[in-house]
Student: 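Next up is a structure, given as structure tokens.
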There are 2 protein chains.
Amino acid sequence: MKKSSDDRQVIAPFHSHAHDHGQCVVDAIAAAETCCAKDGLSFTPLRRQVLELIWSSHGPIGAYDLLEKLRASRRNAAPPTVYRALDFLMENGLIHRIESLNAYVGCGDPERHHGAQFLICRDCQCVAELDDDEIGKAVTRRAKALGFSIHQQTVEVVGQCADCAARL
Amino acid sequence: MKKSSDDRQVIAPFHSHAHDHGQCVVDAIAAAETCCAKDGLSFTPLRRQVLELIWSSHGPIGAYDLLEKLRASRRNAAPPTVYRALDFLMENGLIHRIESLNAYVGCGDPERHHGAQFLICRDCQCVAELDDDEIGKAVTRRAKALGFSIHQQTVEVVGQCADCAARL
DNA sequence: GGATATATGATATAATATAACACTATGAAA
DNA sequence: TTTCATAGTGTTATATTATATCATATATCC
């Protein structure tokens with residue numbers, strides 16, 4: 001896919017439900033393998049499976065929905081099973097938590113530590129992950145002016161994506 | 001308080017625990033009265049009391065903490081009692097919900113419809129509410145480039161405030 | 001006053017997340 | 001090789017946050 005200046009900082013753009021999502025999942029797992037290997041983290045079968053399920057869901061997914069899917073192959077999975085995997089994946093930048101949805105999405109660029117902004121479509125529930133320098137810098141500048149040192153930024157924008165605007 | 005260029009867009013700055021917070025509460029309630037009167041909303045005793053409790057808490061407060069305080073004067077208050085009041089206050093811009101804390105704070109500028117960014121200190125739990133044009137515009141610009149129409153922006157930045165940096 | 005909408009009371013339950021303790025496997029230290 | 005330490009998972013229980021539902025009261029409008 002050719003990049004235009006407008007999507008240069010778009011990590012995970014909005015994409016149609018028609019694209020080859022299976023490939024997205026495969027690529028994401030491969031990237032996670034690489035990350036974990038590099039950092040000496042143990043990417044266990046459980047963690048891998050949870051990450052696959054998150055990517056497979058094609059959008060933010062809640063912990064309990066995840067649990068239900070997980071139970072297809074692990075009959076006795078319990079909430080901690082899922083939450084521990086989620087904690088691991090978040091700590092290591094493989095997924096993000098969308099606070100306003102109590103849900104989780106795969107990170108489109110796990111190998112790079114980055115700020116993130118999410119555009120969340122309230123109609124189709126799809127999420128675009130951005131890493132917009134301008135936004136990040138504006139936040140940093142203002143925080144600095146107030147003597148505030150940033151630990152973590154969460155930018156969540158709820159609205160309607162282009163596809164839904166056209167479709168509805 | 002004299003305004004410098006740096007706090008021009010700061011709606012509710014970080015403030016020491018020593019300031020006259022009673023006055024903040026009184027002012028906030030007065031502003032809410034004005035807003036509601038202007039918009040023909042019924043600012044009932046319950047809603048007023050919940051707003052007072054939120055402002056009195058001097059920082060983000062959770063629904064169940066609020067419920068407990070509310071029970072001092074309303075023995076049989078239940079979760080819906082609080083959540084309904086919170087819904088009213090949010091819908092009408094009198095408070096904001098901090099997603100990453102599951103908590104609520106009074107809005108420092110209820111009479112004006114505005115975007116909001118929050119700097120949340122993880123040490124003292126204080127919150128600064130900003131309405132930084134640059135941040136808002138950067139978000140808007142990028143959303144526009146993707147054909148995304150914004151409904152609501154939540155910017156939450158977790159870190160350490162200047163006071164805590166000096167104190168710890 | 002009666003109809004309608006709005007607000008609150010009251011009970012139950014849903015949805016999200018964590019605590020605590022037990023068990024296993026792996027690998028390092030002695 | 002035994003012992004110890006650690007990381008990962010299993011299992012049960014419970015905490016925390018939020019909503020559904022139906023009943024009752026209060027205000028408003030005609």
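From a predicted model like this one, the values you see are computed outputs, not experimental measurements. The sequence lines fix the lettering, A, B, ..., with proteins before strands; numbering per chain opens at 1.
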Student: Considering only heavy atoms and no angle criterion, is a donor-acceptor pair shorter than 3.5 Å present between the side chain of B:Tyr64 and the base of D:dA18?
Tutor: yes
Student: Considering every strand and a 4.0 Å limit on heavy-atom distances, what is the contact class for A:Arg74: base, sugar-phosphate, or nothing?
Tutor: sugar-phosphate
Student: Provide the full list of ring-ring contact (aromatic ring centres under 6.0 Å, His included) pairs with a residue in residues 24-43 of chain A, sequence neighbours left out, each pair given once.
Tutor: none
Student: Where the side chain of B:Asn92 meets the backbone of B:Leu94, is there a donor-acceptor pair that is under 3.5 Å apart?
Tutor: no
Student: May I ask you to verify if any side-chain N or O of A:Tyr83 is less than 4.0 angstrom from the OP1 or OP2 atom of D:dG10?
Tutor: no
Student: Which heavy atom in A:Cys121 sits nearest to a heavy atom in A:Cys161, and how many Å separate them?
Tutor: SG-N, 3.4 Å
Student: Provide a list of protein-nucleic acid N or O atom pairs under 3.5 angstrom, restricted to nucleotides 25-30 of chain D.
Tutor:
none

Student: Near DNA chain D, under 4.0 Å by heavy atom, which residues of residues 84-102 of chain B?
Tutor: B:Arg84, B:Arg97, B:Asn102
Student: How many whole angstroms separate atom CG of A:Asp65 from atom P of C:dA17?
Tutor: 11 Å
Student: Tell me whether B:Ser42 contacts the main-chain N or O of B:Thr44 through its side chain, where contact means a donor paired with an acceptor under 3.5 Å.
Tutor: no
Student: Does some side-chain heavy atom of B:Phe118 sit less than 4.5 Å from a side-chain heavy atom of B:Leu130?
Tutor: no
Student: Could you check B:Leu46 against B:Pro79 and say which one's nearest nucleotide on DNA chain C is further toward the 5' end?
Tutor: B:Leu46
Student: Please state how far atom CZ in B:Arg71 lies from atom P in C:dA10, giving the value in whole angstrom units.
Tutor: 11 Å
Student: Would you mind telling me which of D:dA18, C:dT8, D:dA20 lies closest to the side-chain atoms of B:Ala63?
Tutor: D:dA18
Student: Could you check whether any side-chain heavy atom of B:Gln125 comes within less than 4.5 Å of a side-chain heavy atom of B:Ile120, counting everything from C-beta outward?
Tutor: no
Student: Within the 4.5 Å heavy-atom criterion, are B:Arg48 and B:Ile29 side-chain neighbours or not?
Tutor: yes
Student: With side-chain hydrogen bond (donor to acceptor under 3.5 Å, both in side chains) as the test, would you mind laying out the steps for B:Ser73 and B:Gln49 before giving the verdict?
Tutor: CA-CA 10 Å; B:Ser73 58; B:Gln49 198 185 347; 2.4 Å; yes
Student: Is it true that A:Val127 and A:Tyr104 fall in one hydrophobic cluster, defined by side-chain heavy atoms closer than 4.5 Å?
Tutor: no
Student: Tell me which residues in residues 37-45 of chain B lie within less than 4.0 Å of DNA chain D, going by non-hydrogen atoms.
Tutor: none
Student: Whole Å only: how far is the CG atom of A:Leu67 from the P atom of D:dT11?
Tutor: 13 Å
Student: For residues A:Cys36 and A:Phe88, report the shortest heavy-atom separation together with the two atoms involved.
Tutor: SG-CZ, 4.2 Å
Student: Which angle, rounded to 10°, do you find between the first-five-pair axis and the last-five-pair axis of the helix from C:dG1-D:dC30 to C:dA30-D:dT1?
Tutor: 20°
Student: Nearest heavy-atom pair of B:Gln117 and B:Gln153: which atoms, and what distance?
Tutor: NE2-OE1, 4.3 Å
Student: How close or far is atom P of C:dA15 from atom CG of A:Leu66, stated in whole angstroms?
Tutor: 16 Å
Student: Nearest-Å distance, CZ (A:Arg48) to C1' (D:dT9)?
Tutor: 18 Å
Student: Looking just at side-chain N and O atoms, do A:Glu156 and A:Ser100 make a donor-acceptor pair shorter than 3.5 Å?
Tutor: yes
Student: Send over the distance from A:Arg47 CZ to D:dG10 P, rounded to a whole Å.
Tutor: 12 Å
Student: State which residues pass side chain to side chain contact (heavy atoms under 4.5 Å, CB included) with A:Ala77; sequence neighbours excluded, sorted by chain then number.
Tutor: A:Leu67, A:Leu70, A:Arg71, A:Arg74, A:Thr81
Student: Is it true that the side chains of A:Glu129 and A:His96 contain a donor and an acceptor less than 3.5 Å apart?
Tutor: yes
Student: How many whole angstroms separate atom CD1 of B:Ile61 from atom C1' of D:dT16?
Tutor: 15 Å
